[in-house]
**Student:** 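I am attaching a structure below and will ask some questions about it afterwards.
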Amino acid sequence: MKNNSVTIYSLSPADVRAYALALALAVGNVLLPMLCHLVPDGGKIFLPVFFFTFVGAYKYGFTVGLAAGILSPLLNHWLTGMPGQLMLVQMTVQSVLLAAAASFTAHKSHSASFAVLALPVVIAQSLGLLAEACIMPVTAPFFTTFCMAIPGMALQTFLGGWFIKRL
């Protein structure tokens, strides 16, 4: 049986390193979507703006995840115009949900197994889609949108887990 335990950090809001890490993660969350948007509907499929928020929140705690989760959609919007104004609120809410779910799960489990890593990703995606339905007109049914995001959730879980284990 493979050992999936990982070292989890929890940087405090007073620690400048938390914000330096959050900025680096947010830059990753700006660059990765540029690559993913080369594929039609790449943002909806791969969820790239959430990738490094997940990694940061899981590995370094809520402060890092929250800062990256708020900064990432804002930076993307300011630099690229995406997400659009209406989606900006929804994506920020989803980023914060992901940061909270990932940091809580990591703090409680200290594990990087597939099942444990998938839990905050699926929870945040589900709650984010419900928040989206409350914030803006829904263009597709929940199940359809959720299924479209499965590759992105898998990417966060597997590739994110790889990063989490190596940082």
**Student:** Can you measure from CE (Met91) to CE (Met82) and round to the nearest 0.5 angstrom?
**Tutor:**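 Taking CE in Met91 and CE in Met82, the distance rounds to 8.5 Å.
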**Student:** State which residues pass side chain to side chain contact (heavy atoms under 4.5 Å, CB included) with Ile45; sequence neighbours excluded, sorted by chain then number.
**Tutor:**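 Checked Ile45 against side chain to side chain contact (heavy atoms under 4.5 Å, CB included); matches are Asp41, Met148, Pro151.
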**Student:** Identify whether Val27 and Leu79 are in the same connected component of the hydrophobic contact network (ILVMFWY, side-chain heavy atoms under 4.5 Å).
**Tutor:** yes
**Student:** Phe54 and Ala102: which non-hydrogen atoms are nearest, and at how many Å?
**Tutor:** CD1-CB, 3.8 Å
**Student:** Can Leu86 be reached from Leu75 by stepping across I, L, V, M, F, W or Y side chains whose heavy atoms are under 4.5 Å apart?
**Tutor:**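 No: no chain of side-chain contacts under 4.5 Å links Leu75 to Leu86.
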**Student:** Is there any side chain to side chain donor-acceptor pair (under 3.5 Å) pair reaching into residues 154-164, and which pairs are they, with sequence neighbours excluded?
**Tutor:**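 For residues 154-164, and leaving out neighbouring residues, there are no side chain to side chain donor-acceptor pair (under 3.5 Å) pairs at all.
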**Student:** Quick check: does any side chain N or O of Lys59 sit under 3.5 Å from a backbone N or O of Lys165, one acting as donor and the other as acceptor?
**Tutor:** no
**Student:** Hey, could you give me the CG/CD1 distance between Leu159 and Ile164, rounded to the nearest 0.5 Å?
**Tutor:** 10.0 Å
**Student:** For Gln94, which residues count as a side chain to side chain donor-acceptor pair (under 3.5 Å) partner, sequence neighbours excluded?
**Tutor:** Gln90, Gln125
**Student:** Does Leu25 reach the side chain of Thr53, with side-chain heavy atoms less than 4.5 Å apart?
**Tutor:**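 The answer is no; the side chains never approach within 4.5 Å.
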**Student:** Got a sec, which residues hit side chain to side chain donor-acceptor pair (under 3.5 Å) with Ser109, two or more places apart in sequence or on another chain?
**Tutor:** Tyr58
**Student:** Donor-acceptor pairs are to be reported for all side-chain atoms of residues 110-123 against protein atoms at under 3.5 Å, with residues two or more places apart or in another chain.
**Tutor:**
from: His110; atom 1: NE2; to: His107; atom 2: O; distance (Å): 3.3
from: Ser111; atom 1: OG; to: Ser113; atom 2: N; distance (Å): 3.2
from: Ser113; atom 1: OG; to: Val116; atom 2: N; distance (Å): 3.3

**Student:** Return a table of donor-acceptor pairs under 3.5 angstrom between the side chains of residues 63-72 and protein atoms on other chains or two or more places apart.
**Tutor:**
from: Thr63; atom 1: OG1; to: Leu11; atom 2: O; distance (Å): 3.2
from: Ser72; atom 1: OG; to: Asn29; atom 2: ND2; distance (Å): 2.9
from: Ser72; atom 1: OG; to: Ala68; atom 2: O; distance (Å): 2.6

**Student:** Tyr19: what forms a ring pair (Phe, Tyr, Trp, His ring centres under 6.0 Å) with it, not counting sequence neighbours?
**Tutor:**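 So Tyr19 forms no ring pair (Phe, Tyr, Trp, His ring centres under 6.0 Å) with any residue.
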**Student:** Considering residues at least two apart in sequence or located in another chain, which fulfil the side chain to side chain contact (heavy atoms under 4.5 Å, CB included) criterion with Phe142?
**Tutor:** Ser126, Leu129, Leu130, Phe146
**Student:** When hydrophobic residues are tied together by side-chain contacts of less than 4.5 Å, even through go-betweens, does Leu167 share a cluster with Leu155?
**Tutor:** yes
**Student:** Tell me, please, which residues at least two apart from Met34 pass side chain to side chain contact (heavy atoms under 4.5 Å, CB included).
**Tutor:** Val30, Leu31, Thr80
**Student:** Where is the tightest heavy-atom contact between Ala99 and Ser103, given as atom of each residue plus distance?
**Tutor:** O-OG, 2.8 Å
**Student:** In the single-linkage hydrophobic clustering (I, L, V, M, F, W, Y; side-chain heavy atoms under 4.5 Å), do Leu98 and Tyr9 co-cluster?
**Tutor:**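 Per the 4.5 Å side-chain linkage, Leu98 and Tyr9 are co-clustered.
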**Student:** Excluding sequence neighbours, so at least two apart, what forms ring pair (Phe, Tyr, Trp, His ring centres under 6.0 Å) with Phe46?
**Tutor:**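 Counting only residues at least two positions away or on another chain, Phe46 forms no ring pair (Phe, Tyr, Trp, His ring centres under 6.0 Å).
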**Student:** Is it possible for you to say whether Tyr60 and Phe104 belong to one hydrophobic cluster, with membership spreading through side-chain heavy-atom contacts below 4.5 Å?
**Tutor:** no
**Student:** Between CG of Asn76 and OG1 of Thr92, what distance do you get to the nearest 0.5 Å?
**Tutor:**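 Spacing of CG (Asn76) from OG1 (Thr92) equals 10.0 Å.
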**Student:** Who else is in the cluster with Val16 when I, L, V, M, F, W and Y are joined by side-chain contacts under 4.5 Å?
**Tutor:**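 Hydrophobic cluster check, Val16: no partners found.
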**Student:** Between His37 (side chain only) and Gly42 (backbone N and O only), is there a donor and an acceptor less than 3.5 Å apart?
**Tutor:** no
**Student:** If the plane angle is over 60° it's perpendicular, under 30° parallel, otherwise tilted; pick one for Phe52 and Phe163.
**Tutor:**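 Perpendicular.
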**Student:** Applying side chain to side chain contact (heavy atoms under 4.5 Å, CB included), can you list everything that pairs with Ala100, at least two apart in sequence or on another chain?
**Tutor:** Phe62
